[in-house]
> 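The following block contains the structure, expressed as structure tokens.
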Protein chains: 2
Amino acid sequence: MTPQLLALLKSNPLFQNLNDHALEQVAQAAHRLRKQDGEFFFFQGDPAARVHFVIQGKVKLAQTTGDGQQVLMEYIGPGRVFSIIAMLPKARYPVSSQAVGESEVLYWPREAIVSLNEQYPTLSANMMQLMATQIGEFQNRIRELSTQRVERRIARVLMRLARQTGQRLPDGVLIDLAISRQDLAEMTGTTLFTVSRTLKRWETNGLIESRREHVIIRQPHSLVKIAEESED
Amino acid sequence: MTPQLLALLKSNPLFQNLNDHALEQVAQAAHRLRKQDGEFFFFQGDPAARVHFVIQGKVKLAQTTGDGQQVLMEYIGPGRVFSIIAMLPKARYPVSSQAVGESEVLYWPREAIVSLNEQYPTLSANMMQLMATQIGEFQNRIRELSTQRVERRIARVLMRLARQTGQRLPDGVLIDLAISRQDLAEMTGTTLFTVSRTLKRWETNGLIESRREHVIIRQPHSLVKIAEESED
DNA sequence: CGAGAATTTGAAATTACTCAACTACAGTGG
DNA sequence: CCACTGTAGTTGAGTAATTTCAAATTCTCG
């Protein structure tokens with residue numbers, strides 16, 4: 001465990017306010033794992049055995065429906081935790097997790113993370129914090145899917161991606177993540193055709209520039225306006 | 001705190017595996033609160049200060065959008081916990097909670113529940129369990145909203161309500177909960193008109209019997225078939 | 001009975017999906 | 001360097017699902 005890694009752990013909400021000894025213990029118990037682009041860390045339905053922490057690259061969490069459709073739950077970047085559910089006995093992963101680009105994670109087997117939680121209430125408080133945040137985000141997403149039209153949902157996803165992985169350019173914000181029309185469709189609950197048409201329209205109006213697998217936001221302000229809930 | 005109440009607590013997943021002493025402490029710290037039909041325990045946006053536990057009646061959790069639309073997140077019945085988010089410092093309630101029928105709850109102020117969590121790791125493990133379950137349910141709901149048509153979503157909600165509050169009748173299952181078309185619409189992300197038409201169609205085909213604010217499921221099997229994901 | 005709320009129903013409008021055909025792009029190997 | 005191949009993206013036409021709005025109807029409670 002290198003000092004850089006320790007620092008990365010330390011800066012993560014999950015390990016906030018842990019004393020050095022505790023952090024040491026946490027680091028001790030961690031395993032490292034590296035995957036190539038497109039490889040899976042685990043599949044939906046597998047018994048949930050490990051809690052993961054992204055060091056490098058991105059991980060895509062997606063749920064597949066019975067008839068093969070996909071729903072893209074989220075992208076997890078460096079310094080973020082996923083599959084907390086593995087803390088619980090007998091749980092199964094509700095999503096599959098796939099490396100996007102070469103990716104590296106730390107993970108802890110359930111037994112380890114459970115015993116750490118028992119030793120350090122701070123850790124379990126942090127974990128609850130994260131879970132609560134997650135619940136809040138999902139509630140928002142449910143609300144959006146329930147009440148908002150596709151165009152607005154796409155705008156909101158772009159804003160969110162820009163916030164999470166946005167790179168400032170002289171003339172706009174680049175979403176620094178290879179993302180296809182299909183991906184956007186799976187994130188917003190629509191089809192790639194509708195996404196394509198919508199992005200095209202925005203491009204024509206100068207709001208964005210859309211390249212193959214990439215989007216640059218040229219007029220964030222206009223996009224925000226579409227993303228907001230008010231009608232006018 | 002009566003023995004019945006203690007028993008109710010004891011039977012709840014949240015308080016599972018707590019020893020008697022711990023349970024005693026939990027009970028000590030609880031406050032009781034009773035509300036009339038339609039009254040609110042708290043409103044969306046209020047600082048989240050209390051964790052609640054339903055003793056009697058039902059509580060409706062709903063989120064209101066900027067433009068006044070509602071999204072009904074869930075109904076909470078006796079023996080269930082809500083607003084766990086209040087464990088966290090500085091959180092705000094993401095939903096409003098309204099009594100459905102005369103209702104009674106126990107609640108714990110944040111300080112109390114936080115200190116109980118620190119004393120009893122079992123309690124915090126249980127709490128995480130509940131939160132994880134919640135996350136899983138929300139993920140399912142997101143998937144449904146993203147990929148399924150209204151008819152199927154309505155069928156699924158009816159099945160769920162039947163499971164949660166269903167009462168066996170000689171000839172079917174009564175959903176024992178005053179529930180309007182509007183409510184169903186808010187639960188499934190559609191309009192009351194579409195709900196009305198859909199229920200009417202099912203009634204015509206003998207799948208259900210629909211009364212004002214009530215639904216009786218006559219042919220659970222057929223409804224399950226509509227609710228399932230396979231196409232055919 | 002009467003008032004208000006819940007529900008039904010019809011018709012029109014809209015949104016988004018489906019499917020098929022086409023175009024653009026990136027990487028590969030000759 | 002270019003043809004080739006596969007993937008990503010675009011576009012049009014037709015269709016299906018769902019919403020919107022207005023109006024009529026039914027139910028419940030006081």
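Chain A is the first sequence line, chain B the second, and so forth, proteins listed ahead of strands; every chain is numbered from 1. Every value quoted in this text rests on a predicted model; they were computed, and no experiment measured them. Basis for what follows: all heavy atoms, side chains included, without hydrogens, waters or symmetry-related copies.
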> Grab the N/O contacts between the protein and nucleotides 20-28 of chain C below 3.5 Å, and write none if there aren't any.
from	atom 1	to	atom 2	distance (Å)
dC25(C)	O2	Arg212(A)	NH2	3.4

> Please report the distance, rounded to the nearest Å, between CG in Leu199(B) and P in dT9(C).
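Atom CG in Leu199(B) sits about 11 Å away from atom P in dT9(C).
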
> Does anyone know the first and last nucleotide of DNA chain D in reach of chain A, 5' to 3', at under 4.0 angstrom to a heavy atom?
dT7(D) to dT20(D)

> Using the rule given for side chain to side chain contact (heavy atoms under 4.5 Å, CB included), can you reason through Leu207(A) versus Ile226(A), listing the C-alpha separation, both sets of side-chain angles and the distance that settles it, and then say yes or no?
CA-CA 11 Å; Leu207(A) 297 204; Ile226(A) 294 174; 3.7 Å; yes

> When the distance from CZ of Arg211(B) to C1' of dA5(C) is rounded to whole Å, what number comes out?
19 Å

> Given atom CD of Glu186(A) and atom P of dC17(C), what is their separation to the nearest angstrom?
13 Å

> Give Arg149(B) one of three labels, base, sugar-phosphate or nothing, depending on what nucleic acid heavy atoms sit under 4.0 Å from its own.
sugar-phosphate

> Could you measure the distance from the OG1 atom of Thr188(B) to the CG atom of Asp183(B)? Nearest 0.5 Å is fine.
10.5 Å

> Nearest whole angstrom, please: distance from the C1' of dT8(C) to the CD of Glu209(B).
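Checked: the CD to C1' distance equals 17 Å.
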
> Just say parallel, tilted or perpendicular for the rings of His52(B) and Phe82(B), cut-offs at 30° and 60°.
parallel

> Report the distance from atom CZ of Arg181(A) to atom C1' of dC17(C), rounded to the nearest whole Å.
18 Å

> Using a 4.0 Å heavy-atom cut-off, does Thr194(B) contact any base of the nucleic acid, only the sugar-phosphate backbone, or nothing at all?
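The answer is base, as Thr194(B) lies within the cut-off (heavy atoms under 4.0 Å) of a base atom.
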
> Give me the one residue out of Phe41(B), Phe43(B), Phe42(B), Phe40(B) that meets side-chain contact (heavy atoms from CB on, under 4.5 Å) with Gln98(B).
Phe40(B)

> What's the closest nucleotide to the side chain of Glu213(B) if the choices are dT18(C), dT9(C), dA6(C)?
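Of the options given, the side chain of Glu213(B) lies nearest dA6(C).
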
> Can any side-chain N or O of Arg34(B) pair as donor or acceptor with the backbone N or O of Glu104(B) at less than 3.5 Å?
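No: the side chain of Arg34(B) does not pair with the backbone of Glu104(B).
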
> Given 3.5 Å as the limit, does a donor-acceptor pair link the side chain of Arg152(A) with the main chain of Thr147(A), or not?
no

> Within the distance-only criterion (no hydrogens, no angle test), does the side chain of Arg141(B) pair as donor or acceptor with the backbone N or O of Phe138(A) below 3.5 angstrom?
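No, Arg141(B) side chain to Phe138(A) backbone: no donor-acceptor pair under 3.5 Å.
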
> For Gln63(A), does its backbone N or O pair with a side-chain atom of Arg143(B) as donor and acceptor, under 3.5 Å?
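Not at all, since once roles are kept as given, no pair shorter than 3.5 Å links the two residues.
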
> Has the side chain of Glu203(A) got a donor or acceptor atom that lies under 3.5 Å from a matching backbone atom of Ser210(A)?
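Between the backbone of Ser210(A) and the side chain of Glu203(A) there is a qualifying donor-acceptor contact (under 3.5 Å).
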
> To the nearest angstrom, how far is Leu192(B) atom CG from dG10(C) atom P?
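The distance from CG of Leu192(B) to P of dG10(C) comes to 16 Å, rounded to the nearest Å.
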
> Find the distance Lys200(B):NZ to dT7(C):C1' and express it as a whole number of Å.
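It is 9 Å, rounded to the nearest whole Å.
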
> May I ask you to say what Glu151(B) touches in the nucleic acid, namely base, sugar-phosphate or nothing, with a heavy-atom cut-off under 4.0 Å?
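Contact class for Glu151(B): none.
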
> Under 4.0 Å between a side-chain N/O of Thr198(A) and OP1 or OP2 of dA16(C), yes or no?
no

